[in-house]
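Comments concern the structure below.
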Amino acid sequence: MPNVFHVWNSRDAFHLRALRGPVELIGSTTRRRNVIVGSEPSLVHAIDQVLNAWEDLVARDEMSEQTHDKFSLLLKRYTRYATLRGALVLSEAGSGITEDFVNAQGRNRHGHISESAFSTRSVRRSVVRAAFRTLRELGLSDQDPTRDIVLPVRHAAAAALALAGGHSGEIGHIVVADIDSPRSRVWMHGAPKYEPRWCRLDAWGRHVLAERAAHVTAQHPDTTTARLAVSSRPASDAALQARSCVALGDLLRRIGLSTDPHVNPASATARAAVEAFETTGHIEEAARRLGLRSLDRAAAIVGYGWRTDPACTDGGMPDA
């Protein structure tokens, strides 16, 4: 039987252009604010204290220079972003402004405005969270504007589709309209080697895909074109399959299975076939779950030697 895996439920100078419509981060400068505005420290002054504290951490070898450089740059961007949105004092840099900063669009390597990658948003959130933790330690704030910011888990959606029985060539094509939540199932479109079919979703998969669907439809209201996993950007079949493999491969690395030579992104899909076979005892159900046209191939995937199964043979060759 092939190895399968369990996916843990995980859950530069900048300028704000166009306060109406999609938010974009590009270059600008920030004017210095007074140290005290009313009875509160100004946002710029408070962030300066954070940067000083981080410099002290570097001096004590408690923070690497690389981390300091990256975190400081992002925190300065956050400060510019927030002040341009009208946050003069620290308390005004609340969850709304912070969430907008975390999810703000930027320019990709081709210079085009696009949605920021999950990893970019995750780092932005981490930096702001670290800054406000430092502010609490300094006695300057007791707030955490990142507390309720939940980022969509793209890899979890890919994992949910794979564990349901989707192949890497199918996962990138699944759209919101393909989810049948009342029946806990998802429609797989098929591929040259696989038949189109419904695949069952467990409670975790249903939850993950429901959250992902809510996120993508907020940006792409057409449920027939809003893709659930990997990427919403136009791409060829080959590119979507490659992105699916990358997402599943990244999950393998995170859960420590990437070094096992018998485990690969297809192992998640194989797990669905194993589950179907173990539940029903019928190899045809395993084949149906993966959209396979060959029972022999399904048997090989789940490790079932039907030719030597006593229930399917008469005991072997007759005596001479």
Side-chain angles (χ1 to χ4, degrees), residues 10-108 113-153:
S10 54
R11 300 183 199 56
D12 326 314
F14 275 133
H15 173 59
L16 177 66
R17 181 162 70 186
L19 291 178
R20 300 178 62 183
V23 178
E24 177 195 350
L25 296 180
I26 56 177
S28 175
T29 59
T30 301
R31 294 173 182 168
R32 302 293 296 179
R33 303 289 184 181
N34 293 329
V35 172
I36 300 295
V37 179
S39 60
E40 294 186 63
S42 72
L43 175 62
V44 172
H45 173 69
I47 296 303
D48 281 345
Q49 303 312 300
V50 173
L51 295 173
N52 291 336
W54 287 357
E55 289 178 359
D56 291 340
L57 291 177
V58 174
R60 298 197 301 266
D61 290 329
E62 295 178 20
M63 176 184 283
S64 71
E65 291 186 3
Q66 293 86 348
T67 298
H68 174 267
D69 290 345
K70 185 168 186 177
F71 273 38
S72 297
L73 178 61
L74 278 172
L75 187 56
K76 290 174 182 177
R77 294 176 182 174
Y78 171 72
T79 307
R80 295 182 182 113
Y81 184 95
T83 53
L84 286 166
R85 288 285 298 270
L88 300 182
V89 295
L90 185 58
S91 62
E92 292 175 340
S95 58
I97 287 176
T98 302
E99 184 168 10
D100 288 345
F101 168 76
V102 169
N103 293 313
Q105 294 179 327
R107 292 189 183 275
N108 61 22
I113 300 172
S114 65
E115 178 182 330
S116 295
F118 171 83
S119 58
T120 299
R121 286 178 282 170
S122 181
V123 171
R124 289 174 183 166
R125 183 179 63 175
S126 296
V127 168
V128 177
R129 180 170 294 166
F132 276 87
R133 183 168 59 247
T134 300
L135 287 168
R136 289 195 297 275
E137 294 170 352
L138 294 172
L140 294 175
S141 175
D142 59 359
Q143 68 185 85
D144 178 7
T146 69
R147 181 179 58 190
D148 297 322
I149 299 177
V150 178
L151 299 181
V153 187

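What you see is a predicted model, and the numbers here were worked out from it, not measured in a lab.
Under the salt bridge (charged side-chain N to carboxylate O under 4.0 Å, His left out) criterion, no residue pair touches residues 126-146, with sequence neighbours excluded. Every pair passing side-chain hydrogen bond (donor to acceptor under 3.5 Å, both in side chains) that includes a residue from residues 88-99 is listed here, sequence neighbours excluded: Glu40-Ser91, Tyr78-Thr98.
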Quick one: side chains of residues 50-59, donor-acceptor pairs under 3.5 Å with protein atoms, not counting sequence neighbours, listed by atom name and distance.
| from | atom 1 | to | atom 2 | distance (Å) |
| --- | --- | --- | --- | --- |
| Asn52 | ND2 | Asp48 | O | 3.3 |
| Trp54 | NE1 | Thr134 | OG1 | 3.1 |

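In this structure, Arg124 CZ and Asn103 CG are separated by 8.0 Å, a value rounded to the nearest 0.5 Å. For the atom pair OG1 (Thr79) and NE2 (His45), the distance works out to 13.0 Å, reported to the nearest 0.5 Å. To the nearest 0.5 Å, the span separating NZ on Lys70 from OG on Ser126 amounts to 10.0 Å.
Surrounding CD of Glu62 are more than 12 heavy atoms belonging to other residues, nucleotides or ligands, all under 6.0 Å away.
Annotation for Leu135 and Ala46: closest pair CD2-O, 3.6 Å, computed over non-hydrogen atoms. Between Tyr81 and Asp100, the shortest heavy-atom distance links the atoms OH-CB, 3.2 Å. For the residue pair Leu74 and Phe101, the shortest heavy atom distance occurs at O-CZ, 3.9 Å. Here the shortest heavy-atom pairing between Ala87 and Ala93 reads CB-N, 4.1 Å.
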For this session: Run the numbers on Thr146 and Val102 for side chain to side chain contact (heavy atoms under 4.5 Å, CB included), then give the verdict.
Result: CA-CA 9 Å; Thr146 69; Val102 169; 5.6 Å; no
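Checking side-chain atoms of Thr83 against main-chain N and O of Arg80 turns up a donor-acceptor pair under 3.5 Å.
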